[in-house]
K.L.:
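Quick one: structure below, then a few questions.
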Amino acid sequence: MCLNIFFFFFDRKSNRYPLVCRFCLKLQDRLTTHLQRVCMKRCTKEQIENEVDKASASMTNHLWEGRVYEFSELRDIITKDEELANLIQLLEIRGCFVRNKPSATMAGQTVPQQAVVLPTASTQEDMEEDMDTVEPQDPLFSPETGIRWEGKLRKTMKEHGLYEKHNTDSDLLSGFKKYLRDDHGIPNCKQEVDNVARFLYFMDPQEPGLQFVRDIEKTRSFFTKLSQIGLKKQTVANYLKNLKRFLRYIIYNTTLRTTDTLLHRDCRAFRSDLGDFQKSIGKQMSKEITGKRYTQMAKSSQTPQDCLRILHVAKKDFLEAIAKGTLNEELDTSQSLLILYYLQSLLMLKHLQRAGVVKNMKVSEWVKREECVLTTDGGRSRFVVIAVKEHKTATQQVATFSLNEEEQHWFHIYFSQIRTSFLSSLLMAEDDPANNKFFISTSGNPIYNPSNDMMRLHKKYNVPNVTGQVARHTFETAPKCGFTNEEKSIIADYLAHTTATSEKHNRFGQPENICRAATLLSKLARVGDSSDSDAESAPSSTHTRSVATSGTCPEMSELDTLNLFIQQHPVSLEGEIPKGKIRKVITGVHDRQCYDKWREMQEKMRIDYVLAYFPRRQPSSHQIVKYIEKQGWQNNKPSVEKITELWKPQEAQESTKDNKHIKKLVKSQKWKGLMVTDDGDKGRRVVTTRKFQKGEVVCDYHGTIVTAAEGKEMMKTLSKEEMGCFFFFKNSMGKKLCMHAQTFPCHCHPDRDTFGRQTNHSRKRKNLHPEVHEMDLGGKKEYVILFTALKDLDVNTELLLDYGIGRKSFLGEGRDLVGLED
Ligand SMILES: C[S@@+](CC[C@H](N)C(=O)[O-])C[C@H]1O[C@@H](n2cnc3c(N)ncnc32)[C@H](O)[C@@H]1O
């Protein structure tokens with residue numbers, strides 16, 4: 001009797017939306033299964049459900065929020081017409097819509113192009129100031145919203161002929177506007193262009209021109225007048241900065257160099273004169289700032305404890321966020337920001353670093369932190385010392401500070417998790433990794449103003465704001481009763497950051513002194529604090545600390561110790577746990593727990609590794625032992641029983657075709673766990689001699705490949721009594737093929753009858769499912785039809801496959817197979 005085994009190729013019609021897995025960033029048709037098996041395989045069912053809910057919510061949100069864009073929204077981000085057009089095209093191809101596009105040309109009118117002569121060389125000449133007290137608000141700030149100036153200042157400016165300005169659509173000014181927008185990426189440059197337009201009007205009310213460069217006196221009078229009518233020095237300095245940038249545009253980005261050499265030369269000379277003028281304004285500005293600071297200081301009668309209050313109040317929430325980070329749990333934005341703000345504040349309020357140091361600290365400086373062990377009466381304490389070279393504060397010295405082990409862990413969590421997640425918001429890769437700033441904002445860009453961030457933290461917890469400047473002053477002047485002269489001088493040196501100090505010490509300003517300064521400052525903060533703890537420490541269930549004498553280091557919790565230990569000695573497949581002495585330097589009193597945990601993690605890693613080698617077919621104990629032996633692991637070998645117990649078949653994946661274990665079985669045809677028995681009615685049948693799990697590969701259908709047409713021809717030659725073994729299928733290109741097992745025994749396995757060809761049919765009781773793969777078997781690609789278990793199979797279960805008979809196949813051949821069980 002001929003048999004037509006027919007398998008319809010994948011025909012799943014799913015109504016599900018694919019969801020994106022946030023970890024591998026791939027679309028998943030079945031996210032739950034994917035997470036269970038791949039990206040969240042160590043997580044609980046609840047965590048996975050949570051994640052799937054989030055993915056669905058994000059999908060819904062995308063459908064509501066992510067498909068329709070306002071043209072102006074995109075214009076604000078991308079200023080170059082061509083790029084904007086490309087983006088819009090891409091969005092529309094991907095099924096999004098852009099509303100309110102201008103009808104004719106997309107980005108509208110272009111400003112007459114000026115030939116670019118030289119690339120703009122960006123010099124960092126602009127004044128930098130200690131951000132603690134800078135007032136960034138120009139009182140004349142007229143935002144793009146069109147709010148008009150009113151009041152006294154406007155009147156005064158009018159009276160002094162400083163208010164009028166040229167039309168900013170003139171060629172000269174619109175070219176400048178375009179330059180700011182395109183070359184400097186400043187979309188909201190109205191204020192800057194207005195300032196220049198006002199200056200040009202003052203110099204020549206007739207028309208905007210460049211002759212002003214020949215009249216330095218009148219220029220001076222413009223700036224003097226601005227000062228005299230009461231504008232803040234910062235505002236005057238902004239006018240100067242804007243004018244300098246305008247000149248840079250004229251000198252390097254227009255054709256002036258070739259069209260009017262003399263005027264070009266004068267522009268350059270004028271720009272350099274402005275530099276001197278800028279310096280003198282800078283000095284006046286510092287006086288203004290110093291004066292203001294003095295008033296602030298005089299007003300403040302803070303104690304060191306007051307300065308650290310915010311760190312105390314916010315600490316419970318902060319530690320909760322850190323604990324989440326330590327456990328690799330996802331942090332929401334507000335928790336991530338709390339960590340960012342807290343660490344900045346810690347550096348400014350506890351370590352008394354200037355805002356410029358916090359802002360400019362680089363990743364490379366964090367990476368190059370140096371270890372320092374300090375021996376005091378209280379024992380040995382470990383610190384790391386970090387040196388920030390370029391911090392653009394008033395002092396020239398390398399700013400150096402130290403972190404204790406606990407703080408180092410916090411910084412590590414920020415660096416490895418928060419910073420990385422913030423960075424993922426950045427569309428463009430940063431140019432030079434060496435220049436990467438350590439502290440970055442949620443947008444992935446360097447933080448702008450640490451003092452503002454600290455202010456936000458104070459505000460969030462309703463604590464009166466303390467600036468870094470006030471904190472430094474407070475610690476500097478706090479009574480240091482009980483401190484030796486040497487200790488006082490260490491604190492003074494630490495706070496002074498003077499060049500003289502720098503010359504006295506090496507690059508790290510003697511690491512021990514930096515660490516000692518940190519412990520002395522902590523001590524200073526405790527003086528008068530009845531809680532007998534660091535002023536910033538808060539009651540916390542996860543963190544206990546013992547504070548004894550001067551120079552103490554807080555005792556770390558078990559979890560923190562473990563994390564630090566793992567950070568220093570990462571768990572790896574091949575690695576060895578450090579020997580006792582080396583280990584105990586970090587693990588201390590938590591050594592036993594850290595030791596056990598480390599080994600447990602490595603064992604788990606090794607178990608996963610072994611399991612990954614047998615993804616579709618359960619290995620025998622012997623196979624597991626052999627595979628472990630092959631790895632050459634001397635200690636901490638994973639247990640065979642555990643591996644057997646944990647083994648679960650993985651879903652069919654692309655990688656099945658490359659799996660060595662399956663390939664070996666296909667080649668040898670030595671499928672274990674099966675035997676052939678005789679059945680009175682159906683002839684021979686294949687039964688199981690062990691249990692098989694749902695999804696496990698049971699055996700394959702071994703045969704020879706011919707085209708479907710050839711298979712059909714072969715079938716025609718068989719008489720009704722003859723039994724045929726044909727398996728028809730389509731390959732991934734849709735080509736119709738046939739695998740026949742008519743040749744018995746086959747040439748490749750003359751000693752055995754293969755299991756696939758002896759498998760009987762049942763439509764209702766079928767327990768096998770065929771999967772077609774293309775496998776490289778000894779340098780040659782071959783089709784392999786794997787039979788996987790449709791359900792868990794007990795011992796002594798007959799293997800049954802739905803041959804697909806009785807249905808209409810694409811071959812159009814429903815065969816009359818009377819007597820066959822359905
Ligand atoms: C691929 S062979 C299977 C092994 C076969 N029983 C043997 O003895 O070699 C297919 C043949 O098995 C028999 N067969 C398979 N399933 C059957 C069923 N459900 N009822 C009766 N006979 C069946 C038919 O004779 C069929 O042509």
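For the numbers below, each heavy atom of this structure counts, side chains included, while hydrogens, waters and symmetry mates do not. As the structure lists them, so they are numbered: ligands from 1, and atoms in each ligand from 1.
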K.L.:
Which of the numbered atoms in ligand 1 are below 4.0 angstrom from a heavy atom of Arg684?
P.N.:
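Listed by number with element, the hits are 4 (C), 5 (C), 6 (N), 7 (C), 8 (O), 9 (O).
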K.L.:
For the CZ atom of Arg592 and the NE2 atom of His590, what is their distance to the nearest 0.5 Å?
P.N.:
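Rounded to the nearest 0.5 Å, the CZ-NE2 separation comes to 14.5 Å.
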K.L.:
Enter the distance from Tyr627:OH to His661:NE2 here, rounded to the nearest 0.5 Å.
P.N.:
11.0 Å
K.L.:
For atom 15 (C) of ligand 1, state which one of Leu801, Leu800, Asn760 supplies the nearest heavy atom.
P.N.:
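Looking at heavy atoms only, Asn760 sits closest to atom 15 (C) of ligand 1.
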K.L.:
Could you tell me whether some N/O pair between His761 and ligand 1 is separated by less than 3.5 angstrom?
P.N.:
yes
K.L.:
Salt-bridge test for Arg606 and Glu603: reply yes if a basic N is under 4.0 Å from a carboxylate O, no otherwise.
P.N.:
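No salt bridge links Arg606 with Glu603.
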K.L.:
Assess Arg685 for proximity to ligand 1: is some non-hydrogen atom of it under 4.0 Å away?
P.N.:
no
K.L.:
Arg757 versus ligand 1: do any nitrogen or oxygen atoms come within less than 3.5 Å of each other?
P.N.:
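Arg757 vs ligand 1: no N/O contact under 3.5 Å.
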K.L.:
Cut-off 3.5 Å, side chains only: do Gln758 and Arg684 have a donor facing an acceptor?
P.N.:
yes
K.L.:
Could you check Asp753, Asp700, Asp751 and say which one makes a side chain to side chain donor-acceptor pair (under 3.5 Å) with Gln669?
P.N.:
Asp700
